[in-house]
Amino acid sequence: MFLKKYKTFLLLLISVIVAYVVHQLIFYIFKINPDAFYYSLEKLYGIFFMLSFLIILILLKIKERNFDQLGMSFLLLTSSKMIVYYILLKPILNIKHYDIKIERINFFVLFILFLTIETVVTIRLLSKKQ
């Protein structure tokens, strides 16, 4: 019962932990120093995780109340999240004193990763119409 109720959040948590470990491993292999980044890797993962957690929580509540609005709610929440991400990205884009190419790539890879996780969760929710 416990696992069934929180399976979606467990999937999110495991995906984020695996992605973080792989991300750190890639940085270690290619000798990329994330200490010079505007946002630390942990801070970005934390922000992205919290927003994804919030979106999934809202989607689960919407699924219980009005299943037919689930897809549109996902699009609205994702669009709102993109505004928050743009606000986070703006200071990175304004940096002039060092090359920000890797930092931008890092940010967009995280964005795509979390968007993919949320999309997979939403697809699972939509495919389980009760």
Side-chain angles (χ1 to χ4, degrees):
M1 178 70 178
F2 177 78
L3 259 156
K4 186 176 181 178
K5 188 174 182 180
Y6 298 105
K7 187 171 104 173
T8 306
F9 297 113
L10 189 61
L11 172 70
L12 174 66
L13 183 63
I14 291 170
S15 300
V16 169
I17 291 171
V18 168
Y20 177 75
V21 170
V22 169
H23 205 147
Q24 288 286 35
L25 187 62
I26 290 170
F27 277 12
Y28 178 76
I29 290 171
F30 291 107
K31 295 177 178 41
I32 298 171
N33 183 11
D35 295 335
F37 288 176
Y38 188 83
Y39 298 112
S40 69
L41 204 55
E42 292 79 13
K43 186 182 285 187
L44 281 178
Y45 268 93
I47 292 169
F48 279 59
F49 175 77
M50 292 308 287
L51 287 173
S52 293
F53 184 87
L54 184 65
I55 286 176
I56 291 171
L57 183 67
I58 292 170
L59 288 176
L60 287 171
K61 293 294 181 188
I62 290 172
K63 179 185 177 195
E64 290 174 7
R65 294 194 177 131
N66 192 358
F67 182 82
D68 295 332
Q69 296 299 318
L70 192 62
M72 291 304 290
S73 300
F74 172 73
L75 291 174
L76 179 67
L77 290 168
T78 302
S79 298
S80 302
K81 183 181 71 166
M82 287 177 64
I83 294 169
V84 173
Y85 287 159
Y86 177 73
I87 292 168
L88 286 173
L89 183 62
K90 193 143 174 72
I92 296 172
L93 296 175
N94 291 333
I95 294 174
K96 303 286 187 226
H97 58 276
Y98 66 90
D99 186 26
I100 61 167
K101 183 177 176 183
I102 293 175
E103 192 168 0
R104 271 189 280 156
I105 291 170
N106 179 55
F107 192 90
F108 286 114
V109 165
L110 279 175
F111 172 74
I112 291 169
L113 171 75
F114 278 87
L115 182 62
T116 303
I117 292 170
E118 291 166 13
T119 304
V120 167
V121 167
T122 304
I123 289 170
R124 284 182 169 192
L125 291 174
L126 285 169
S127 67
K128 292 181 184 177
K129 185 173 184 179
Q130 297 173 345

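When side chains are defined from C-beta on, L13 counts as touching F49, because their heavy atoms get closer than 4.5 Å. Residues F27 and L41 have side chains in contact (heavy-atom distance under 4.5 Å, counting atoms from C-beta outward). The shortest side-chain heavy-atom distance between H23 and N106 falls under the 4.5 Å cut-off. Here the side chains of E103 and I95 are in contact, with some heavy-atom distance below 4.5 Å.
Y6 OH to L12 CG: the interatomic distance, rounded to the nearest 0.5 Å, is 14.5 Å. Distance CG/L113 to CD/E118: 9.5 Å, rounded to 0.5 Å. Atom CD1 in I56 sits 8.0 Å away from atom CG in L125 (nearest 0.5 Å). In this structure, the separation between CD1 on I55 and OG1 on T122 is 8.5 Å, given to the nearest 0.5 Å.
Of all heavy-atom pairs spanning L115 and T78, the tightest one is CD1-CG2, 3.5 Å. Shortest non-hydrogen contact noted between L59 and L70 is O-CD1, 3.3 Å. Residue L126 comes nearest to F67 through the heavy atom pair O-CZ, 3.4 Å, listed as atom of the first residue, atom of the second, then distance.
The ring pair (Phe, Tyr, Trp, His ring centres under 6.0 Å) test with Y85 singles out one residue from Y39, F48, F108, and that residue is F48. Put simply, the residue from I47, V16, T119, L51 that forms a side chain to side chain contact (heavy atoms under 4.5 Å, CB included) with F114 is V16.
Side-chain atoms of Y28 and Q24 include no donor-acceptor pair closer than 3.5 Å.
No more than 12 heavy atoms of other residues, nucleotides or ligands sit less than 6.0 Å from atom CD1 of I102.
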